[in-house]
Amino acid sequence: YNIAEQYIREIYGIGLGEPAPLEIELQKVKERLHRLEQSRENGMDYTQSIDRAIKSHQNKVKEIEELISKGKKWFPYSSVR
């Protein structure tokens, strides 16, 4: 995807705790997770690799959700509402 978009999400989302970029990143991770789960259900080969990727994406979803939660607590004067 667009490298500038990725940098914005990383700097403003993960780095500064801005909720809007974190929400975008969360949506993208959930979309990739959904595609991985569909691949597993469709009987794709490499099930161990797919299972590891699914677990990784599930962990990433939890991590981003925690950052969003913390951002609402720790960044109450965020410029993005």
Open item on the list: If I compare all heavy atoms of Ser39 with all of Ile50, which pair ends up nearest, and what's the gap?
Closed with: CB-CD1, 4.1 Å
Task: Minimum-distance pair of heavy atoms, taken over all atoms of Leu36 and Ile54 - done: CB-CG1, 3.7 Å
Task: Polar side-chain atom of His34 near backbone of Lys30 as donor-acceptor pair, under 3.5 Å - done: no
- [ ] Please check if the side chain of Ser56 supplies one atom and the backbone of Arg52 the other of a donor-acceptor pair under 3.5 Å.
- [x] no
Open item on the list: As a test of understanding, state which of Glu23, Glu63, Glu25 forms a side chain to side chain contact (heavy atoms under 4.5 Å, CB included) with Ile68.
Closed with: Glu23
Open item on the list: If we check side chain to side chain contact (heavy atoms under 4.5 Å, CB included) with Leu33, which of these qualifies: Gln38, Lys55, His57?
Closed with: His57
Open item on the list: Between the side chains of Glu31 and Lys28, is the shortest nitrogen-to-carboxylate-oxygen separation below 4.0 Å, so that they form an ion pair?
Closed with: no
- [ ] Examine Leu26 and Leu67 and state if one hydrophobic cluster contains both, with Ile, Leu, Val, Met, Phe, Trp and Tyr joined whenever side-chain heavy atoms are less than 4.5 Å apart.
- [x] yes
Open item on the list: Grouping I, L, V, M, F, W and Y whenever their side-chain heavy atoms are under 4.5 Å apart, do Ile64 and Val61 come out in a common cluster?
Closed with: yes
TODO: List the steps, then state whether salt bridge (Lys or Arg N to Asp or Glu O under 4.0 Å) holds for Glu37 with Arg40.
DONE: CA-CA 5 Å; Glu37 291 170 336; Arg40 183 176 58 188; 5.0 Å; no
